[in-house]
Amino acid sequence: MSGTSLDGLDIALCHIQGSGVDTKLNILHFETLPYEEQFRTYIRKIFAKTAINQQDLCGINPYVAITHSNLVNQALAKWGVNPLDVDLIASHGQTVYHAPQILTKDYNLPNSTLQIGDGDHIAVHTKIITLSDFRQKHIAAGGEGAPLAAYGDFLLFTDMNETRILLNIGGISNFTFLPNQNSALQGFATDLGPGNTMMNQYMFEHFDLEMDVNAEKALSGKINDRLLFHLLQEDFLDLAFPKTTGPELFNLSYLQKKLEEANVDKLSHEDIMATLNMFSAKAIVQGIRKVTAGLENIAVYVSGGGIHNPLLMQNISAELPDVKVASIDEIEMNPDAKEACLFALLANEAVAGNPDHVSGLKDSPAVCMGKVSFPY
Ligand SMILES: CC(=O)N[C@@H]1[C@@H](O[C@H](C)C(=O)O)[C@H](O)[C@@H](COP(=O)(O)O)O[C@@H]1O
């Protein structure tokens, strides 16, 4: 899995038995192998941009696949695993544009999303059968191509008594709502708004750093309430669930527009980072509050890069004093590995499962996803 933050490729070697609610998934190895600067520079040329050079897009598609193959081969060598012992690769690829109609407002064109890193190249370079391009069938069957985490979350983490919110804070934040098994409610998943993406973009632009490590910058700044108020004025945040978004909306132009609307000047970079941090927390908490009203025995289990931002986690917990907020570690899943594992599970469902397994989910079409590429 490679997400919006462009930090590296998340590689999970999973041993899977069974399918559907009987799936048993064990993580044998997990590692995030960092990207080199050249890779990030190429992706940034086309990532979430409306105008790009087509020759770049054409070449970056196999380049992503070859880079990912090399990283997978490196990981297997490091773990002492023979590629012939690996049944399948599930490759999410790299999202370069995510365009639901709510973003484009062009209703002649369907919802769309584009993940590059061609599966045939991965199969040939790793000699492992590869499933890729998971999001297209979700759209073909009526969805927005995301969040796909719903499927794995539903199969692996539904609990008898506890109502669970599985919150993933990547570049964009999303959650899967999993009512307990005795509830008449149905589970579903939705994006919420920015996770780390605006903070990361700001750090890159002004400090030439990939992220605000340990929230150092945000912790030394002061929240500007006017800017925060304007950041929160966005139609997307008020739309009904489910909905999806990306850095196509939540980016530095968005921040610039809000700075002008708020008419504040002389904010330090640190103040802006403190405000962006609270903006992500509030967008997340507002989303959670919409589903928790009137419910008891709720736990929020967090995964994704955001869990390493102490201020973000503190801001979220402080706004949810009546709800248990914990790392997804607590229900025996590595918070960094979760999304990679979920794609392994999707691939398992495609080859051994049944679309009916996920028919209990609301607003997530009951389909098996992924396209098959053979090495020879
Ligand atoms: C359209 C798209 O690509 N969405 C992904 C989003 O997909 C998850 C698996 C989903 O569909 O349920 C992911 O959570 C996030 C993680 O980002 P990173 O933590 O890797 O930065 O990136 C992107 O928004």
Side-chain angles (χ1 to χ4, degrees), residues 1-12 32-35 40 43 47-48 64 68 90-100 102-103 111-117 132-139 143-157 166-177 187-201 204 210-211 236 241-251 280 284 302-309 312 328 334-347 358 361 363-365 369-370:
M1 170 75 197
S2 180
T4 29
S5 57
L6 300 180
D7 50 347
L9 184 67
D10 296 334
I11 310 175
T32 300
L33 290 185
Y35 292 135
R40 273 196 277 265
I43 301 293
F47 183 63
V64 166
H68 284 182
S91 170
H92 172 265
Q94 178 64 50
T95 297
V96 290
Y97 208 80
H98 185 69
I102 50 168
L103 174 82
N111 289 325
S112 62
T113 188
L114 184 61
Q115 285 70 45
I116 62 168
S132 65
D133 210 11
F134 287 87
R135 298 191 188 272
Q136 299 305 325
K137 200 186 281 172
H138 192 267
I139 294 179
E144 290 189 4
L148 298 190
Y151 296 88
D153 288 347
F154 176 68
L155 295 178
L156 292 179
F157 301 115
L166 300 197
L167 171 66
N168 190 76
I169 311 176
I172 293 296
S173 58
N174 56 49
F175 72 53
T176 305
F177 173 68
F188 71 93
T190 183
D191 280 356
L192 296 171
N196 310 315
T197 186
M198 289 181 67
M199 294 186 272
N200 290 354
Q201 290 175 53
F204 186 70
E210 296 294 332
M211 65 185 80
F236 174 82
F241 297 147
K243 54 189 173 181
T244 61
T245 189
E248 295 79 8
L249 172 64
F250 293 110
N251 52 35
S280 290
I284 289 168
V302 193
S303 61
I307 206 162
H308 303 296
N309 184 314
L312 182 61
I328 199 165
N334 173 339
D336 298 314
K338 184 196 163 205
E339 289 203 331
C341 294
L342 292 180
F343 281 93
L345 184 140
L346 285 185
V358 289
L361 277 170
D363 298 318
S364 290
M369 291 162 275

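Each residue takes its place number in the sequence, starting with 1. For ligands, and for the atoms within them, numbers begin at 1 and follow the listed sequence.
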Which residue supplies the protein heavy atom nearest to [atom], what is that atom called, and how far is it?
{"atom": "atom 22 (O) of ligand 1", "result": "Thr4 OG1, 3.3 Å"}
{"atom": "atom 20 (O) of ligand 1", "result": "Gly3 CA, 2.9 Å"}
{"atom": "atom 19 (O) of ligand 1", "result": "Gly170 CA, 3.1 Å"}

Only heavy atoms of [X], strictly under 4.0 Å: list the atoms of ligand 1 that pass.
{"X": "Leu148", "value": "10 (C), 11 (O), 12 (O)"}
{"X": "Glu339", "value": "8 (C), 9 (C), 13 (C), 14 (O), 16 (C)"}
{"X": "Thr95", "value": "2 (C), 3 (O)"}
{"X": "His98", "value": "1 (C)"}
{"X": "Ala149", "value": "10 (C), 12 (O)"}

Original post:
Hey, is Asn168 touching ligand 1 through its side chain, its backbone, both or neither, going by heavy atoms under 4.0 Å?
Top reply: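 Under 4.0 Å from ligand 1, Asn168 contributes side-chain atoms alone.
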Original post:
What is the minimum heavy-atom distance between Gly304 and Asp336, and which atoms define it?
Top reply: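 Of all heavy-atom pairs spanning Gly304 and Asp336, the closest is O-OD1, 4.3 Å.
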**OP:** Might you point out which heavy atoms bring Ser280 and Met199 nearest each other, and give the distance in Å?
**Re:**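 For Ser280 and Met199, the tightest heavy-atom pair comes out as OG-CE, 4.1 Å.
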Original post:
Distance-only, no hydrogens or angles: does the Glu144 side chain make a donor-acceptor pair with backbone N or O of Ile139 under 3.5 Å?
Top reply: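 Here the side-chain-to-backbone pair does not exist.
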Original post:
Should one rank Arg135, His92, Gln94 by closest heavy-atom distance to atom 6 (C) of ligand 1, which comes out on top?
Top reply: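 The option holding the nearest heavy atom is Arg135.
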Tell me, do [X] and [Y] make a side-chain contact under 4.5 Å, heavy atoms counted?
{"X": "Leu342", "Y": "Leu148", "value": "no"}
{"X": "Phe241", "Y": "Leu192", "value": "yes"}
{"X": "Asn196", "Y": "Leu312", "value": "yes"}
{"X": "Ser364", "Y": "Phe154", "value": "no"}

Does any N or O of ligand 1 fall below 3.5 Å from an N or O anywhere on [X], backbone included?
{"X": "Asp10", "value": "no"}
{"X": "Asn174", "value": "yes"}
{"X": "Gly145", "value": "no"}

Original post:
Taking the six-membered ring for Trp, are Phe177 and Phe188 parallel (under 30°), tilted (30 to 60°) or perpendicular (over 60°)?
Top reply: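 If you compare the ring of Phe177 with that of Phe188, the planes turn out tilted.
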**OP:** Could you tell me whether the side chains of His98 and Thr244 share a donor-acceptor contact shorter than 3.5 Å?
**Re:**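 Indeed, the side chains of His98 and Thr244 share at least one donor-acceptor pair under 3.5 Å.
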